[in-house]
Amino acid sequence: MKKSLVMMLTLLFVATSLLAACGNSSSGNSGDTAAGNNSKPAEEKKVEPFELTLRHTQLGEAKKNRFAILEDAVKATEAEVDGLTIKLDGVDSEVNRKEKLRGEMAQGNPPDIFDAFGSPDVGVYAKEGLVLDITSILEELGIKERFGTSLDPWTVDGKVYGTPIGGSIEGYFYNKEYFEQKGLKVPTTIAELEQLAEKIKADGKIPFAQASKDAWVPLMTTNNLWAYTAGSDFTYGFKKGETKWNDPKMVEALAKHQEWIQKGYYKKGELGLAYGDQRNQIINGEAIMMFDGSWANSVFLDPAQSGDMVGKIGFFLMPPFNAGDGYSIMQDSNNGYSFSAKVADDPQKLAAVKSFIKNLYSEEMQIRGLKEDGLLPAMQIPTEKMNEAVTNDLMKEIIGTLADVKYKWPAFDALVQADVNTELSKEIQKMIGGEATPQEVLDKVQAVQEKANASE
Amino acid sequence: MIKSLKKSVNHIFLLGYLAIILFPFLFVLFSSVKSNNAEISSNPFGIPTTFVWDNYIKAWVNAKISTYFFNSLYISILASITTIAIAALASYAITRMRYRKMSTFLFQFILLGMLIPGNALILPIYGLVRKMNILDTHWALYIPYTAVAIPFSVIILAAFMRSIPSELEEAAVMDGLGPFGIFTRMILPLTIPAMVTVFIVNFLGNWNEFLLANYFISTDELRTLPVGMVGFRDAYNTNYAQMSAGIVYSVVPVMVIYAVLQEQIIDGLTAGSVKG
Amino acid sequence: MDKTLRKPLTYILFVLPALILFIAFFIYPIMDAIYYSFTSWNGISKNVKFIGIENYTTVMSDGEFWSSVKNNGYFILFSLFIQVPIIIIFSLLISNVKRLRGLYKTAVFMPSVMSTAVIGILWGFIYEPDIGLFNQILSVFGVEKIYWLSDKSWAMISILITNAWQWTGFYIVMVLAAILSIPKELDEAAMIDGATGVQRAIRITVPLIMPIISVVIMLSIAGAMKAADIVLVMTKGGPAGATDVMATFMLRNSITSFKYGFGNSIAVLIFVFTLVITALYQFLVARRVERIEY
């Protein structure tokens, strides 16, 4: 039977390798011991040509406006600094965050300017001394105060290690046309929101679009609920051990979210749906409200994605439990630019970085981001100026809600260790699936939190 | 009469299986001519009401599918061929040259490669590619693609070469051929069926490879097709219609190659098994 | 003869290119992974701290790791008891027809040439609870909606079905090659003896293709141990970790959490488990069917 043996081996390896070749879509995790470096452009002393690499993630059709803004800031910087050429290096956001940048950091050799996530990523890099402390640059330029709380995820021990590209808030997108037809009004308390949900459900529609395959999607709602029940500062305390996840006020928030799930306010089976699907639920009219980030607005302005739903979507914030308590919302500013610590060794590069920050973080650029990209400014800009810049109604509505906001806070994942986020993500899915109670979820998360705190 | 009835029963089952296989492709074809996401998601399997051929043009031109397509094509082909060349040399040495012990060891050693989980190796490989200073060039794909396919190529080619009767070789030696002459004039022509098989499998693997391509190449013009396809599937906005058109572009060439070469593959496998 | 084929320099030159590439892209990386599996390295820091086998004890005492191992097991069981019979039956069917054989051969192979990312999107639509193909078919028979990917009890089987859809055709082509290589005379002799088609298939063809079946099983095991991308694109290991396999468990618990050392210990475990299972299979099953040499 030797002949079959030959064939058998032959085929064995044909297919194994095909499996192997096709089977490695996800990424690796092992260490990178390579010591060699790409030699950086020589660091000249005089005003001779020099190069700065800038890693960005503004690729593709959806981000082309954001890329145009970046390009203009780059051009302005090049014009301002003698001899400077900025080399743009575009990489997919996820790849950059999880693989490329990490590989470079492991070698101690990140690009001069790079797209990054403030917390926990830049925090970890900063502790290794790989990221440039830009506190003094921001102070010198006089713009540090204008960022306000949006620098929180970028701050370690009082030092700032990066600046957010823009900001975004979270709230409910809703089907305005439906609201008008049924005579529904934008709610001002949680109780009113629940009444709305009840009515919509009675009408045979899904009150809230949600797609929980990625746990961060439902956690947007949960996070906002606990910001109301436990307070907007509560999340800051987890890492310091000052507050606990299984606090009764936290349980109250999760119990509320669970109650909504049990009452059937969400589509059945949404636990298996990918993020994009919750937009589809709104677009095809089966769901009426959707808790999502303000970044979703571009979807509802694009006829290719939203069909005839364009112009029929409105926006309101999650209301407080009691009228008059003041709105409390998440303001995300976790994605932005940081700089290699090595820049500090070269006065020319340092000057270039300073000029880049100045050019990207001007009021003009921030308003352009809002106008062209639908991205809320990371810096504080007077509401009138924002309103002037924006032409579409949905974006106007989003900006309009900002005036009501009393408390702003970063999303929880920017304030706790990654392990804690991993645990909460898994447990919240269990709660949605009806396998865990709020108390169980929070007890487990607290246990992981304590372990993570102890190992710091 | 009974016989033909039996045959039709066979066909009924087979056509049923075919339907299961092909239905999702039908979805891709339908979606590729629909106007927008709403039309797709409201009735994914419905026959399109309008035919938006524009999606194909847009995918090809705007989304630079043409660039990605040719990048993928030439890298996949070159890497597959290089692998075969290198693997054929090694297989020849291992199977036909008289270093029994060394060859057994080498063969076992390379066999080990089949059991190493690819998922875990990306970062060390990244370090390597970086050291070679070829990141963000097509070399960064060409070399790893060539390397990753070596173990199985060696093993399959070795199996074929082992099956070649040594009488042929003796005759060649009489004619005064050296090892290289025997390799090029005699062994290679006999191994062609196996090489076609290896080529197809390597080509498929390279053509669909996503991880390294996404990771090692950052210049847009240098990207390959799978990476370009995922470009459509941006994290927040998905254009299903154009993506479907892109899928069609990515599937058609491999199907054509397979359809043309499938007899060769089967022959190759058959030849190897019979001669063993 | 021996003299001609014993030229050390030629031998080395022939073997060296393959060997260099193999060591660089296989041996070095796995060594690297083993090294870091004994550290608490976060993937960034210059300080690599050795912590002995702590990573291994941590992961071995994690119930969720073992549930992901169990899911790898389901991959293996599904291919053994569902996929393999299907593969055999359809290979026999195709080998039995003359007309349209080319079409069948080409068509069954199609799913295997698509990238897994694309397949994930496609099957997302098929499993869609409201408008998806499966539930629409079931509703004809009055079966209630099944939430394929979001119901814990269905999610894993859904992934297995998709995985089977992707790879069954590939194996069919393999087995078909084996069947077609069987000398016609054997079959004809049996036909003269009056054996029916089914009898011939069971008595002659199947025994002769047992080695290849054994290969398919081996491949399924190897594939099952490495599986990751199909899970990632279908469910990302959810709901609540119900469909995690070892590789996705590793990714989730290492990359985003900056636990590279820990992740590497899982990578090494995947490698070791694969070795053990393939070795076991070789010794317990394959040997009886067909001795595998080399």
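Order of the sequence lines fixes the chain letters, A, B, ..., with proteins taken first and strands second; residue numbering starts at 1 for each chain.
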Open item on the list: Is B/S91 close to chain C through its backbone or its side chain, or both, or neither, when contacts mean heavy atoms under 4.5 Å?
Closed with: neither
- [ ] Heavy-atom pairs under 4.5 Å with chain B are the metric here; pick the option from C/Y11, C/F26, C/W123, C/F25 that has the most.
- [x] C/Y11
Task: Under 4.5 Å from any heavy atom of chain C - which part of B/I110 - done: both
TODO: For residues B/F109 and C/F22, establish whether the separation of their ring centroids is below 6.0 Å.
DONE: yes
- [ ] Go through the atoms of B/Y92 and report whether side chain, backbone, both or neither lie under 4.5 Å from a heavy atom of chain C.
- [x] side chain
Open item on the list: Can a side-chain donor-acceptor contact be found between C/T168 and B/Y17 if the only test is distance below 3.5 angstrom?
Closed with: no
Open item on the list: Looking at every non-hydrogen atom in both residues, tell me the closest pair between B/L128 and C/A24 and how far apart they are.
Closed with: CD2-O, 3.3 Å
- [ ] Identify which part of C/L16 has an atom lying under 4.5 Å from any heavy atom of chain B, answering side chain, backbone, both or neither.
- [x] neither
Task: Non-hydrogen side-chain atoms of B/V148 and C/L21 separated by less than 4.5 Å - done: no
Task: Interchain contact, C/I94 with chain B, by part (heavy-atom threshold 4.5 Å) - done: both
TODO: Give me the ring orientation class for B/F180 and C/F14: parallel if the planes are under 30° apart, tilted from 30 to 60°, perpendicular past 60°.
DONE: perpendicular
Task: Contacting region of B/L106 [heavy-atom separation from chain C under 4.5 Å] - done: side chain
Open item on the list: Parallel, tilted or perpendicular, judged at 30° and 60°: which one describes the rings of B/H11 and C/Y104?
Closed with: tilted
Task: Contacting moiety of B/L22, where chain C heavy atoms sit under 4.5 Å - done: side chain
Task: Pair listing, salt bridge (Lys or Arg N to Asp or Glu O under 4.0 Å) test, anchored in residues 88-97 of chain B, at least two apart - done: B/R96-B/E169
TODO: Pick one of side chain, backbone, both or neither for C/I277, based on which atoms fall under 4.5 Å of a heavy atom in chain B.
DONE: neither
Task: Considering all heavy atoms, the nearest C/A107-B/L18 contact - done: CB-CD1, 3.3 Å
